[in-house]
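See below for the structure under consideration.
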Amino acid sequence: MDCRLGVLFLAIFTCSCGAQLSSYPSNEVNLLDSKASQGELGWISYPSHGWEEISGVDEHYTPIHTFQVCNIMEYNQNNWLRTTWIPRNSAQKIYVELKFTLRDCNSIPLVLGTCKETFNLYYLESDEDQGAKFREHQFSKIDTIAADESFTQTDLGDRILKLNTEVREVGPITRKGFYLAFQDLGACVALVSVRVYFKKCPQMVRNLAVFPDTVPTDSQSLVEVQGSCVNNSKEEETPKMYCSTEGEWLVPIGQCLCDIGYEERTFSCQACRPGFYKSSSGNMKCSKCPPNSHTYQEGSVYCVCDRNYFRSEDDPASMACSRPPSAPRNVISIINETSVILDWSWPTDTGGRKDVTFNVVCKRCGRGQQQCEPCRGAVRFLPRPTGLSNTTVTVADLLAHTNYTFEIEALNGVSALAPTQRQYAAVTITTNQAAPSPVAVVRKNKTSQRSISLSWQEPERPNGIILDYEVKYYEKQEQETSYTILRAKGTNVTLTGLKPDTTYAVQIRARTAAGYGSSSKKFEFETSPESFSITSENSQLILIAICSAVVIIFLTVVGYILVSRFCGHRRSKHSDEKRMNYGNGHLRLPGVRTYVDPHTYEDPSQAVHEFAKELDASCIAIDKVVGAGEFGEVCCGRLKLPSKKEICVAIKTLKAGYSEEQRRDFLSEASIMGQFDHPNIIRLEGVVTRSKPVVIVTEFMENGSLDSFLRKHDAQFTVIQLVGMLRGIASGMKHLSDMGYVHRDLAARNILVNSNLVCKVSDFGLSRVLEDDPEAAYTTTGGKIPIRWTSPEAIAYRKFSSASDAWSYGIVMWEVMSYGERPYWEMSNQDVILSIEEGYRLPAPMGCPVALHQLMLHCWNKERSLRPKFTDVVSFLDKLIRNPSSLLMLVEDIQSFPESPGDVSDYPLFISISDWLDSIKMSQYKSYFLAAGYTTLDSVSRMTIEDVRQIGVTLIGHQRRIVSSIQTLRLQLLHVHDDAFHV
Ligand code: AMP
């Protein structure tokens, strides 16, 4: 027996070292540990000679408790060993870990009884300690425990006992506690240690939340546990985890964030160190203080700005502290009368910010800087005085001849926090003469069908001596597309040459040495209607007057016929009657004044005195010579008529030694000119015939003749300005043709231009046209004609008419659009005549809008009846002016149309479908268009490529050529719908 026990103890001590070194997992909570118990265990053996407690110490001299039994020499063994009562605490599921050795029956020689190699584990639940009372049948069996291995073979061949470890689960336990019991039925077993434990989820910090120790339930479900935030942190989303039955934490949800001034360090939130700050909650680290700021405390939420540095309310804590900018630099002032442009450079130091703006303070000063006071009243800042983001401002409406100081301050977002650090730059200026203020009221004094007399008061603030007034007027419905400008020395003016029953808009502005003031507002006045309406009161009187007039005329005519017959006297062809009703053989429209040919007067000087005012030579002062005419020099000078303002005039002189015929021809121009009253026809002021030199006085045209003027200003005008000039010329020509006057020598050299670019038709003569024009050449019919400007029928058989003037007008258009180029360049006159005969026409000048070249081509129609009338030309040009976009398409653009013929003269303005198809070499389709019902160009202009296909044009190239030409047609027709021209 002793020998056997020795073997057992050897085994215990061999194996106990390993057991002693092991530590338990953190999620296991011991309820009983036989090894850890210092004193007696108090376990009970039944019968008392069965299980035996052996107490000893391990190598660390820690007491150990071991139970053994080995009654293998006897039969019928039933030895029980019962633990003390073990309270279960909160646990439901219990684990029992047994460490034991078990002798292999084969290794024991001479076994007398029945040798077993297992023992049984039992348990009994109870709510309280039952003391020494033990009833075997009350216990429930947990399991039979067998050894895994009984022996281990050493290298030397020794067999040593091996320590077995077995773990069994018990539960769920529902009572407050329980007992364990070990039943031996005849084995040789030593129970080295018994540990009873349950599992839990141990306390832990996860996502800055503390989760407490949690004991799982016995069921399979997880236990949901809510964590609580560590100190100095707040829940962002409720932190949660689940505790599994195995004592493991699963599925963390939510988290806590460190408060401002705290950062996460080792599972906790710790205060920022000095020199660092954290201005928002979150698990980021504390940041270093930004430039120009500091903090000496722990847990700082922001850093304090250093001395003289600031942070605006809107600045984030992470932004460097900043300071006001330095003063603006290099202030420049540009004074223009009573306004000044101030300009400056950006400050050298912006204070570390980007939000720099500028404020400008205006001070009106006396002689010294001390006598400054803030500017009052209507001083205007453009765009504004404060909050300027650009380094410039215009200050207007200052007083004339006044000293001002402007303080320009640069500001940024912290300027308001540092009033003492603010800096500004100052500039002192003195304003100049101011322009006059606007004319406030314009009154109508008198109106007639063709004139309106106006008067007004001097501007409230003339700011100097008023030199003159500029009176601008235009037909209201024309909306300023074309206007006339007059200059008035005094405060009244009569607008003449107006249309009856028409509303005119008038604007007046005064001029001083300082320049023009602002224009007055628009005043509207109406001319009288052409015929008065007859009221009931005066109708009878008017009726009587008309009847009397008819009777008188009748008697006069009858008397005249009788006297003529009686006297046999026939007046020459220069009869007054003819003068009254005809002009150049044209039947005039009733109500329209008619041109009277001075040659119809037997005494031409009579005509001069009928149509021209005789001036007193003493009223005229000649200043200088400006040109040379056929009869003498042309000078500029001044005309001062009694009770009228002095005006600038052109003075044409008749050189000394003239013949009577020359005198008559010279003055015939005045006789003709004096009959016209139109803003686009040179106005005759009068003549001096009663003293020498004989002169003709006309309005002065500052820019001289149009051809040289355009050559001087090559490419300097906009298309609209050029069209405006052409419109003026056409309007003057319309007046002439309305009166039945044929000019015969319309050319740019015979158009004069004033300072406002108003073009006026001049050069009215009779035989002179053929004599004095250097462009005129002798034709085969014997006349002297300006070939390049003259229509074929006028060249061929001297058929001059308004239609031949229209041809010349087309040439003037070409001259204008080419800035004074010579028509047909260096071609000889003969070549010009032949080319025209063959159908050649001048191509469009560079940059010429299609619409204008089309109009030229229309003027150059061989058939004179198909040329446009001047009234049509005026309304066509008006339409172009009103729709400037119609001028955008240039001839160059058309020429680049795919497949279109290169020469734009292939695009005459108004032609038949047949001509049009000929011009684009598509004549073969004439019948197709007719058959499909396209009879007018207008209908063709609306065709699409689909329509072109449908009428039977199948070749793609031909379709494209026709469609691109239709685009041009459409453009032409766009301008001439309404009543401008008729196809
Ligand atoms: P004329 O004899 O009308 O052809 O005039 C000869 C030149 O005198 C013209 O080419 C102009 O340069 C100039 N001239 C004629 N009339 C005027 C005028 N009313 N205003 C300014 N210059 C004029």
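Start at 1 and go down the list; that is how both ligands and their atoms are numbered. None of these values were measured; they are calculated from a predicted model.
- Two rings, from F717 and F709, have their centers less than 6.0 Å apart.
- Of all atoms in ligand 1, numbered sequentially from 1 with element shown, those under 4.0 Å from a heavy atom of G629 are 2 (O).
- Aromatic ring pairs are classed by plane angle as parallel below 30°, tilted from 30° to 60° and perpendicular above 60°; the pair F676 and F764 is tilted.
- The shortest N or O to N or O distance between E630 and ligand 1 is not under 3.5 Å.
- With a heavy-atom cut-off of 4.0 Å, D763 touches ligand 1 through its side chain alone.
- Here atom 7 (C) of ligand 1 lies nearest to G627 when heavy atoms of S705, C648, C635, G627 are compared.
- Atoms of ligand 1 found under 4.0 Å from any heavy atom of E699, numbered from 1 in the order shown, are 18 (C), 19 (N).
- Neither the backbone nor the side chain of C636 comes within contact range of ligand 1; no heavy atom lies under 4.0 Å.
- Residue M701 has at least one N or O atom closer than 3.5 Å to an N or O atom of ligand 1.
- Taking the centre and axis of the six-membered ring of Y483, the NZ or CZ atom of K472 falls inside the cone set by 45° and 6.0 Å.
- Taking any N or O of T698, backbone or side chain, at least one lies under 3.5 Å from an N or O belonging to ligand 1.
- Ring-plane geometry between W807 and W860 is classed as tilted, the angle between the planes lying from 30 to 60 degrees on a 0 to 90 degree scale.
- Each of the following atoms of ligand 1 lies closer than 4.0 Å to a heavy atom of A650: 17 (C), 18 (C), 19 (N), 20 (N).
- A cation-pi geometry, defined here as NZ or CZ lying under 6.0 Å from the six-membered ring centre and within 45° of its normal, holds between R744 and F800.
- Note: H743 and Y741 have perpendicular aromatic rings, judged against thresholds of 30 and 60 degrees for the angle between ring planes.
- Heavy atoms of R749 come nearer than 4.0 angstrom to ligand 1 in no pair at all.
- Heavy atoms of S708 stay at 4.0 angstrom or farther from ligand 1.
- Aromatic pair Y469/W456: ring centres closer than 6.0 Å.
- By the 6.0 Å and 45° rule, R749 stacks over the aromatic ring of W789.
- Ring centroids of Y504 and F525 are separated by 6.0 Å or more, keeping the two rings apart.
- Heavy atoms of K652 found under 4.0 angstrom from ligand 1 belong exclusively to the side chain.
- Per-residue contacts place L752 under 4.0 angstrom from the following atoms of ligand 1 (heavy atoms of the residue considered): 16 (N), 17 (C), 18 (C), 19 (N).
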